[in-house]
Amino acid sequence: MALDHATDPFPGWDGSLAGARTLQAQLAAQVNLDDGFVTPLRTLAGFDVGFEDQGAVTRAAVVLLDARTLQPLESHVARVPTAMPYVPGLLSFRELPALLGALAMLSHAPDLAVIDGQGIAHPRRLGIAAHFGVATGLPSLGVGKSVLVGRCEEPGPERGDRSPLLHRGEQIGWALRSKPRCNPLIVSPGHRVSLDTAAELVMRWLAGYRLPEPTRLADRLASRRDQPR
DNA sequence: GCGACAG
DNA sequence: ATCTTGTCGC
């Protein structure tokens with residue numbers, strides 16, 4: 001996928017942490033929470049990040065899947081020098097460059113991107129999945145394994161049970177029981193996906209595991225401590 | 001001021 | 001995220 005419309009993910013950023021937070025607030029205003037993806041979805045892209053050389057290299061994996069069969073069509077791994085430490089709330093400034101590198105390796109743009117981490121379930125409503133969506137213009141949503149901000153009730157024990165994740169009086173996502181006896185997933189919209197749809201889509205992509213297929217397959221690629229070929 | 005804090 | 005094998009529970 002040629003990045004013809006590639007926009008700078010950090011426009012005008014001065015490199016400071018304060019500047020990063022200010023930029024997040026600005027970019028968050030561009031997030032669209034109305035469903036704006038093609039129906040029916042044809043392709044999905046799952047993304048995840050891992051590290052090599054004690055963190056010196058950031059490795060982003062992407063897997064393109066057929067949205068109907070959930071079968072993988074192609075996958076790639078991008079490696080870029082790590083430029084930022086992990087700072088809670090600023091994850092996208094550390095991992096987005098690698099994710100965009102992986103996206104650029106796809107032969108075609110996906111109809112929707114599924115990213116490991118939060119969408120709008122973030123202090124300033126711009127978790128990495130939302131940031132990715134605004135930067136690329138692609139519909140996106142986040143699937144996290146734990147909460148960054150907000151509170152929620154423990155969802156019921158059945159597959160599909162869910163409870164709203166609340167923060168400052170508004171719903172920012174869901175705690176979703178994707179599999180019995182497993183900790184709930186934290187699902188939130190990224191860009192061009194609504195709150196309700198985000199949870200429904202993730203349920204649709206489950207195949208017997210805690211993680212939905214797009215992120216499960218990308219995870220497997222991103223965290224292999226071997227075959228750097 | 002003290003904790004909490006995606007990956 | 002990463003360092004790391006077997007082990008307990010369903």
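Per chain, numbering begins at 1; letters A, B, ... match sequence-line order.
- Using a 4.0 Å heavy-atom cutoff across all strands shown, A:Leu126 reaches no nucleic acid atom at all.
- Annotation: side chain of A:Phe51 is in contact with side chain of A:Glu95 (closest heavy-atom distance under 4.5 Å).
- A:Arg181 has its CZ atom 14 Å from the C1' atom of C:dC8, to the nearest Å.
- The nearest whole Å value for the distance from the CG atom in A:Leu211 to the P atom in B:dA6 is 16 Å.
- Here A:Ile128 lies in heavy-atom contact (under 4.0 Å) with a base.
- Among C:dT2, B:dC5, B:dG7, the nucleotide with an atom closest to any side-chain atom of A:Pro88 is B:dC5.
- Atom NE2 of A:His167 is separated from atom P of B:dC5 by 13 Å (rounded to the nearest Å).
- If you take CD of A:Glu52 and P of C:dA1, they are 15 Å apart, rounded to a whole angstrom.
- Using a 4.5 Å cut-off on side-chain heavy atoms (C-beta onward), A:Val202 and A:Ser178 make no contact.
- In this structure, A:Leu91 places its CG atom 9 Å from P of B:dA6, rounding to the nearest Å.
- Look at A:Ser223 and you won't find any side-chain N or O under 4.0 angstrom from OP1 or OP2 of C:dA1.
- Straight-line distance from the CD atom of A:Glu95 to the P atom of C:dT2: 10 Å, rounded to whole Å.
- A:Asp196 and A:Ser194 form no side-chain donor-acceptor contact under 3.5 Å, judged by distance and modelled atom types alone.
- A:Val149 comes within contact range of no nucleotide atom at all, as no heavy-atom separation falls under 4.0 Å.
- Looking at heavy atoms from C-beta onward, A:His108 lies out of side-chain contact with A:Thr43 at the 4.5 angstrom threshold.
- Within the nucleic acid shown, A:Gly89 comes within 4.0 Å of at least one base atom, counting heavy atoms only.
- A:Gly50 comes within 4.0 angstrom of the backbone, heavy atoms only, and of no base.
- Distance A:Arg151 CZ to B:dA4 C1': 13 Å, rounded to the nearest Å.
- Remark: ring of A:Tyr86 overlaps the six-membered base ring of B:dG7 in a stacked fashion, centroids less than 5.5 Å apart, planes less than 30° apart.
- The distance from atom CZ of A:Arg94 to atom P of C:dA1 is 11 Å, rounded to the nearest whole Å.
- Under the 30°/60° scheme for interplanar angles, the aromatic rings of A:Phe132 and A:Phe47 are found to be tilted.
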